[in-house]
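In what follows, a single structure is set out as structure tokens and then discussed.
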Amino acid sequence: MDPYDRLGAALTRCGVVDDTPLARLVATGPDILDLLHRLGTGDVKALAPGDGRLTVLTSAKGRIVERLFVHHLGPEGVLIVGSPGAAERILGHLRKFTFAERLDVVDRTPSTCAFTVVGPEWRAAALAANLPEIVPYGAAPFTIGAAAVHVIRTNGFDANGVMIVGTRDDAGTILALVREAAESVGGAVLDPSSYEAWRIINGLPAMGAELTEERNPLEAGLRDAVSFTKGCYVGQEVIARLNTYDKVSRELLRLELPPGAPMPARGAIVRWDGRDVGAITSAAQVPGRDFVVAIAYVKSRELPPGTGVVTVDAGQSEPTLARINR
């Protein structure tokens with residue numbers, strides 16, 4: 001199956017992704033959930049074993065430091081999943097705000113692996129693999145052969161998928177299970193280029209691209225990660241004002257550039273009616289095809305409702321027309 005067919009399988013059925021690069025930390029001690037509660041947007045303080053939640057570590061200005069998936073594993077502790085290469089940054093941020101709290105956080109990224117099933121038929125693949133049914137962002141222990149793993153309800157962006165986390169030694173066993181399950185319902189294993197195209201087509205924001213310290217969680221589409229009733233956390237006042245007074249001025253748009261259009265660089269200007277209204281944050285050529293998909297931040301109030309086309313300065317003498325995929 002070529003990369004385009006793999007992408008098509010993930011868009012219509014499901015796909016298997018090697019998410020081993022994601023940061024995975026395990027925290028123990030009675031104060032870890034309280035600390036995460038005070039540092040992030042999500043209401044995680046009362047998570048019980050088997051529960052989980054999406055949260056965003058924010059700066060004092062309400063900007064994004066890191067998106068985290070928090071999963072309560074029970075006696076084993078709390079699994080914290082972040083973006084690739086972010087383990088040390090997450091640890092540093094937690095240590096900065098740790099004083100008398102009783103907790104210990106260990107980077108388990110080097111010793112563990114993660115494989116994820118994404119796409120609209122992820123549940124069918126999970127059923128085919130006999131995986132336990134769990135609540136959004138929840139976690140459950142499971143055994144694959146002799147391998148002890150944790151099954152997590154997430155696709156690495158939201159709760160529409162399932163991730164299996166185990167030891168590196170068991171990576172082959174885990175991959176074989178999810179591959180067989182996905183293929184049994186018409187899915188496929190995704191290579192990195194197909195996966196990136198899948199992410200962009202679905203408009204899913206990634207750390208380092210859409211999620212940076214220049215942005216706040218609301219304009220990044222992470223409203224589900226924000227509790228407006230939990231009380232104080234770092235950056236809470238700023239985010240509350242943005243919500244209360246409708247001050248969120250930007251949103252993410254999915255764009256499709258026509259066949260033959262050059263790949264726009266990150267930061268390429270998006271225009272409408274001759275005005276600069278935004279900038280590209282991610283772009284990828286669809287594997288096996290000559291058209292490009294992209295995500296852009298745009299000024300919401302600058303685009304009239306129903307606008308279907310913008311232009312992108314993609315490096316040509318003339319701007320490239322791009323269709324908005326809402």
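In this chain, residues are counted from 1 in sequence order.
Salt bridge annotation for R63-E214: absent, with no cationic side-chain nitrogen under 4.0 angstrom from a carboxylate oxygen. No salt bridge links K61 with E237; every basic N to acidic carboxylate O contact stays at or beyond 4.0 Å. The residues D2 and R6 are annotated as not salt-bridged, no charged nitrogen and carboxylate oxygen being separated by less than 4.0 angstrom. Using a cutoff of 4.0 Å between basic side-chain nitrogens and carboxylate oxygens, R53 and D224 are not scored as salt-bridged.
Here K45 contributes atom NZ and L35 contributes atom CG; the two are 11.5 Å apart, rounded to the nearest 0.5 Å. Separation of atoms CD1 (I280) and CG (L253) is listed at 9.5 Å; rounding is to 0.5 Å. Of the inter-residue distances, the one linking L103 atom CG with I32 atom CD1 reads 5.0 Å to the nearest 0.5 angstrom. Here CG of D51 is found 10.5 Å from CD1 of I134. Values are rounded to the nearest 0.5 Å. Between the CG atom of N325 and the CD1 atom of I201 there is a distance of 8.5 Å, given to the nearest 0.5 Å. In this structure, CZ in F142 is found 7.5 Å from CD1 in I164, a value given to the nearest 0.5 Å.
The number of heavy-atom neighbours closer than 6.0 Å to CD of E213, taken from other residues, nucleotides and ligands shown, is above 12. Under a cut-off of 6.0 angstrom, the local environment of CD in E101 is crowded, with over 12 non-hydrogen atoms contributed by other residues, nucleotides or ligands.
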Would L257 and F291 count as a side-chain contact (heavy atoms from CB on, under 4.5 Å) here? Give the steps. CA-CA 6 Å; L257 282 66; F291 66 93; over 6 Å; no
Using the side-chain contact (heavy atoms from CB on, under 4.5 Å) rule, take W198 and L11 through it: C-alpha gap first, then chi angles, then the decisive distance, then the call. CA-CA 7 Å; W198 176 87; L11 290 171; 3.6 Å; yes
Start with the C-alpha distance between R301 and D246, add both sets of side-chain angles, then the distance that settles salt bridge (charged side-chain N to carboxylate O under 4.0 Å, His left out), and finish with yes or no. CA-CA 12 Å; R301 295 176 177 82; D246 193 23; 3.6 Å; yes
Does the salt bridge (charged side-chain N to carboxylate O under 4.0 Å, His left out) test come out yes or no for K247 and E219, once each step is laid out? CA-CA 10 Å; K247 293 294 186 179; E219 65 186 358; over 6 Å; no
Go through the steps to decide whether W272 and T307 satisfy the test side-chain contact (heavy atoms from CB on, under 4.5 Å), and finish with yes or no. CA-CA 9 Å; W272 183 82; T307 300; 3.5 Å; yes
Give the C-alpha distance, both sets of side-chain angles, the deciding distance and a yes or no for side-chain hydrogen bond (donor to acceptor under 3.5 Å, both in side chains) between T173 and D170. CA-CA 5 Å; T173 300; D170 293 323; 4.9 Å; no
For a side-chain contact (heavy atoms from CB on, under 4.5 Å) check, start with the C-alpha distance between L54 and D158, then their side-chain angles and the critical distance, and finish with the verdict. CA-CA 8 Å; L54 174 62; D158 52 38; 5.9 Å; no
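Between the side chains of D19 and T116, at least one donor-acceptor pair of N or O atoms lies under 3.5 Å. Checked by atom type, the side-chain pair N202/R254 shows no donor-acceptor distance below 3.5 Å. No side-chain donor from either of T167 and D169 sits under 3.5 Å from a side-chain acceptor of the other.
In this structure a side-chain-to-backbone donor-acceptor pair under 3.5 Å is missing from T20 to C113. Not a single donor-acceptor pair under 3.5 Å links the side chain of K299 to the backbone N or O of G278.
Test N216, I239, V226 against T58 for side-chain contact (heavy atoms from CB on, under 4.5 Å) and you get one pass: I239. Checking R199, R250, R67, R266 one by one against E210, the salt bridge (charged side-chain N to carboxylate O under 4.0 Å, His left out) holds for a single residue, R199.
A single hydrophobic cluster is not seen to contain both L79 and V106; linkage of ILVMFWY side chains at heavy-atom distances under 4.5 Å, directly or through other members, places them apart. In the hydrophobic cluster analysis, where Ile, Leu, Val, Met, Phe, Trp and Tyr join through side-chain heavy atoms closer than 4.5 angstrom, L39 is grouped together with V70. Cluster annotation: V162 is not connected to L204 through the hydrophobic network of ILVMFWY side chains, with a link wherever side-chain heavy atoms come within less than 4.5 Å. Under the 4.5 Å side-chain heavy-atom criterion for grouping Ile, Leu, Val, Met, Phe, Trp and Tyr, V310 is not connected to L252 through any hydrophobic cluster. Under a hydrophobic clustering in which Ile, Leu, Val, Met, Phe, Trp and Tyr are joined whenever their side-chain heavy atoms come within less than 4.5 Å, directly or via other members, L218 and V56 fall into different clusters.
Looking only at side-chain heavy atoms (C-beta outward), L222 and L211 come within less than 4.5 Å of each other. V78 has its side chain within reach of L33: a pair of non-hydrogen atoms, C-beta onward, lies under 4.5 Å apart. P262 has its side chain within reach of T320: a pair of non-hydrogen atoms, C-beta onward, lies under 4.5 Å apart. Looking at heavy atoms from C-beta onward, R153 lies in side-chain contact with P136 at the 4.5 angstrom threshold. Considering only heavy atoms from C-beta on, Q285 stays 4.5 Å or farther from E196 through its side chain. By the 4.5 Å heavy-atom criterion applied to side chains, R271 and I269 are counted as neighbours.
The salt bridge (charged side-chain N to carboxylate O under 4.0 Å, His left out) search around E256 returns R323, not counting sequence neighbours.
Ring geometry for F69 versus H71: interplanar angle under 30°, hence parallel rather than tilted (30 to 60°).
Scanning all heavy atoms of the two residues, the minimum distance from V105 to A27 falls at CG2-CB, 3.8 Å. Nearest heavy-atom pair across C14 and A125 is SG-CB, 4.0 Å. Among all heavy-atom pairs drawn from G15 and L190, the shortest one is CA-CG, 4.2 Å. Shown here for A139 and I152, the closest heavy-atom pair between the two residues is CB-CD1, 3.5 Å. Of all heavy-atom pairs between M207 and V65, the closest is CE-O, 3.5 Å. Closest approach of P264 to V292, counting heavy atoms only: CD-CG1, 3.9 Å.
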